[in-house]
2 protein chains.
Amino acid sequence: MTRSSRVRRPATLASLAAELGVSRTTVSNAYNRPDQLSTQLRDRVLETARRLGYPGPDPVARSLRTRQARAVGLLLTEELAFAFRDPAALGFLEGLAQACENAGQGLLLIPASARHADLGAVHQASVDGFVVYSVPEGDPHFEAVLRRPLPTVVADQPMNTPGVDRVGVDDRGGMRTLARHLVELGHRRVGVITMRLSNTAFDGFVDPERQGRAAFGVQRERLAGLREGFAEAGVEWSQVPVMERFEHTMAAGAAGADQLLTHHPGLTAVACTSDILALGALRLAAERGWTVPDNLSVTGFDGVPEALAAGLTTVVQPVRAKGLAAGELLLERGDRVEPKSVVLPTELSVGATSGPARAIERWFSGL
Amino acid sequence: MTRSSRVRRPATLASLAAELGVSRTTVSNAYNRPDQLSTQLRDRVLETARRLGYPGPDPVARSLRTRQARAVGLLLTEELAFAFRDPAALGFLEGLAQACENAGQGLLLIPASARHADLGAVHQASVDGFVVYSVPEGDPHFEAVLRRPLPTVVADQPMNTPGVDRVGVDDRGGMRTLARHLVELGHRRVGVITMRLSNTAFDGFVDPERQGRAAFGVQRERLAGLREGFAEAGVEWSQVPVMERFEHTMAAGAAGADQLLTHHPGLTAVACTSDILALGALRLAAERGWTVPDNLSVTGFDGVPEALAAGLTTVVQPVRAKGLAAGELLLERGDRVEPKSVVLPTELSVGATSGPARAIERWFSGL
DNA sequence: AGGCCCTTCTGAACCGTTACCGTCATCGGA
DNA sequence: TCCGATGACGGTAACGGTTCAGAAGGGCCT
């Protein structure tokens, strides 16, 4: 079979029916309801289809009529390729893909990065529902998704979208537990490196006011968890320097740590709101010749494989389960109407990058 | 806006036109060809649409008429989740996603693992073309793809599908270069661990006959490259033990290496047809207390990040570029008819896991 | 005044299917 | 012989749009 023959406009169900001298319904039934016609006729239909090169009912026309596309749309505001680079996103996707596979549904990745000002990709997506992964509040693509009359599940962010299902993790509780861990180790002078808090590029220190205005609820929650945990030990949050980085890379984490530690040399611990940033901070510590955790404690959030392999103290969130839950929430809703919210637990993983603050005090006194 | 209002059957273009007292054409134009109607009328249309909760033209109906879905279908025979676990597949996907993003196209992951005996997912995919990633020859899902009257690009496998575009890498040449590298280091007693050669589960030694019958052209090519490279040094291929593993995991690589080295204790080098298997072999060597490369040389293929980080000697293939090329080949074909084949170069990356065979001989003589 | 073009909008065909309901033949039983 | 049940198939109307040719109306030029 040559390419050109495969690419020519194929026969339609109607032309096949005409060729056979039967009705279109019968041809349709031959494909979709074998029990509705005799075996002989069905075989004759299928045989003729083969002979004419009829590829079977057109999926688009079928979707139009049956009102289902057998696919789930995934909206990420980042570049598509990002999804395959970021370890946490990857875990989520793996779980989501699993859910789709289980249900025999396709998974449509929708190009909706900032490059695409038009919302065409969202409007044009032939899907039965959307999963929205971690987009900022007020994102126009997300709003376009909401206007589509389709069931939608939000993963992580934005939080509190009325009437929309959500699956997330206990960001705040996880970070609170982490903060307590640092407190127990004696840390009182801590710094924070956070992922971007808004959609506009900004790198630098952020005051609590901007923290509260953050367009990313997950970051707000994680910061709030740290605040609460440290508050229990009497650490005033306004005294805790928070460094924001727009990019989510190890390089950004290292740069953030550099700036943070340069302005606040007395810090005994740096808590990062992601593992990637924390790995960057670790790299910076190594560059400065500091020993972790003797000279500095560093913590992350997510529990990505790279971080666990590196022995990072971090909050592990079940990213895979989150993706799976998001998919299932979307696919297994029956005629449920009231929105559902799933919050998965997080777990502190104490690694080799957090240690007693004592040692650090000693180190500084020796300067 | 509550969920129930969002999920109710929405207004249609026709009902909107009726409400406005204009023709459907005009409403359609308001969305698709703003220059075809006055600004006032367009604003009135859009305003009324907002008021009635009309979500804009239905994508499926539009696709039916325009004959395009603005999406690319991706067929993998593995579980969907596999794509997010296997590093080489991941790199490919990243490149492909990039190509789709550049063209503003969606990327539809089609569930077509062995679990899905029915080909419905392929038949139902609303896409403008397919990218087929590394599936075995004769795969029924692939054949279903070929029956769809859509442009198709094969990545890696199956090779030599008449009339179909393909993008691959120089598997054979890469492996030949690797073999020469081992030869130069003095290796003559080598063993091989290969990925699965057929779709049916099998673990064990494979003779050249089965190698030639392999359903995976890429594996055939890589083995052929080794054969040719070693033949230049007078190493008879029939004397080279080849161990096949069905699973593609480090554990499988370790088990394969174990079996291989148990039956052929005199081997000085183990060449694997993938990095994952090679990393497994390295793990086994460590478990046995062997020093690499002093006691054993180990090589891989792919050049995945984990392998390069581990200093594995391997053949690096440009997986990302391969994905990008596959996407571009599909999306940028104009009215080209004759099939096109792209073969990307591979590069030997000499790491710390291959060394002179001398040392190994000495080690054995000391037993 | 008449012809022509331009802008703006309409009517009808078409895209390829499936849902719904009706029809027709066949057959067994009364 | 007639009747109702059953199985097999067909006709018609959606499904929700896009497209293209052309109509209506106004302005401009001659």
Side-chain angles (χ1 to χ4, degrees), chain A residues 8-46 48-49 52-70 120 123-128 148-150, chain B residues 8-46 48-49 52-70 120 123-128 148-150:
Chain A
R8 189 162 33 211
R9 181 93 80 91
T12 67
L13 186 144
S15 68
L16 183 55
E19 170 83 16
L20 281 158
V22 302
S23 77
R24 298 195 301 241
T25 305
T26 300
V27 178
S28 177
N29 283 336
Y31 284 93
N32 303 316
R33 305 182 172 183
D35 58 314
Q36 293 294 303
L37 71 176
S38 64
T39 316
Q40 306 96 288
L41 181 56
R42 174 157 195 264
D43 289 346
R44 201 156 66 85
V45 170
L46 266 37
T48 308
L52 265 48
Y54 175 63
D58 181 283
V60 175
R62 188 212 293 267
S63 280
L64 176 61
R65 187 63 239 231
T66 61
R67 302 174 156 283
Q68 49 176 329
R70 302 196 62 73
H123 292 140
Q124 189 60 28
S126 299
V127 295
D128 299 325
R148 294 280 307 265
L150 295 172
Chain B
R8 188 164 35 212
R9 180 94 78 94
T12 66
L13 183 144
S15 69
L16 184 55
E19 170 82 17
L20 281 158
V22 302
S23 73
R24 298 193 316 227
T25 304
T26 300
V27 177
S28 177
N29 283 336
Y31 284 93
N32 303 316
R33 306 183 172 183
D35 58 314
Q36 293 293 303
L37 71 176
S38 64
T39 317
Q40 306 96 291
L41 180 55
R42 175 158 195 261
D43 290 346
R44 200 157 68 84
V45 170
L46 264 38
T48 307
L52 295 185
Y54 175 64
D58 182 281
V60 176
R62 188 212 293 267
S63 281
L64 176 60
R65 183 64 232 233
T66 62
R67 305 176 153 282
Q68 49 175 331
R70 303 197 60 74
H123 292 141
Q124 190 60 30
S126 299
V127 295
D128 299 325
R148 293 280 306 266
L150 295 172

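A note on names: the letters A, B, ... follow the listed sequences, proteins ahead of strands, and every chain is numbered from 1.
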Whole-Å distance separating the [atom1] atom of [X] from the [atom2] atom of [N]:
X	N	atom1	atom2	answer
B:Leu13	D:dT19	CG	P	12 Å
A:Arg24	C:dC14	CZ	P	13 Å
A:Leu37	C:dT23	CG	P	21 Å

Supply the atom-to-atom distance [X] [atom1] to [Y] [atom2], rounded to the nearest 0.5 angstrom.
X	Y	atom1	atom2	value
A:Tyr31	A:Leu46	OH	CG	5.0 Å
B:Thr48	B:Leu20	OG1	CG	4.0 Å
A:Leu64	B:Leu64	CG	CG	5.5 Å
B:Glu19	B:Leu52	CD	CG	5.0 Å
B:Gln124	A:Gln68	CD	CD	7.5 Å

(Q) If you assign each of A:Ser28 and B:Ser23 to its closest nucleotide in DNA chain C, which residue comes earlier from the 5' end? (A)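 Looking at DNA chain C, the more 5' nearest nucleotide goes with B:Ser23.
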From the options [options], select the nucleotide whose nearest atom is closest to the side chain of [X].
X	options	result
B:Gln36	C:dT10, C:dC9, D:dG10	C:dC9
B:Thr12	D:dC20, D:dG17, C:dT17	D:dG17
B:Thr66	D:dT18, C:dC9, C:dT17	D:dT18

Between the protein and nucleotides 24-27 of chain C, which nitrogen or oxygen pairs are less than 3.5 angstrom apart?
none

Q: Scan residues 38-45 of chain B against DNA chain D and write down, sorted by residue number, each residue with any heavy atom closer than 4.0 Å; if none is found, say none.
A: none
Q: Could you identify which residues of residues 55-65 of chain B place a heavy atom less than 4.0 Å from some atom of DNA chain D, listed by residue number, or say none?
A: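 Residues of residues 55-65 of chain B that come under 4.0 Å of DNA chain D are, in numerical order, B:Gly56, B:Pro57, B:Asp58, B:Ala61, B:Arg62, B:Leu64, B:Arg65.
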Q. Does A:Asn29 place a side-chain N or O at less than 4.0 Å from the phosphate oxygens OP1/OP2 of C:dT18?
A.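 For A:Asn29, the contact criterion (side-chain N or O under 4.0 Å from OP1 or OP2 of C:dT18) is not met.
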(Q) Counting only side-chain nitrogens and oxygens, does B:Thr26 get under 4.0 Å of the OP1 or OP2 atom of C:dT10? (A) yes
Q: Using a heavy-atom cut-off of under 4.0 Å over every strand shown, decide if B:Tyr31 touches base, sugar-phosphate, or nothing.
A: nothing
Q. Are any side-chain N or O atoms of A:Arg148 and backbone N or O atoms of A:Ala125, one a donor and one an acceptor, separated by less than 3.5 Å?
A. yes
Taking the side chain as C-beta and beyond, is there a heavy-atom pair between [X] and [Y] under 4.5 Å?
X	Y	result
A:Ser63	B:Ser126	yes
B:Val60	A:Val60	yes
B:Thr39	B:Arg42	no
B:Thr26	B:Ser23	yes

(Q) Is there a side chain to side chain donor-acceptor pair (under 3.5 Å) between A:Thr25 and A:Ser28? Walk through the geometry before answering. (A) CA-CA 5 Å; A:Thr25 305; A:Ser28 177; over 6 Å; no
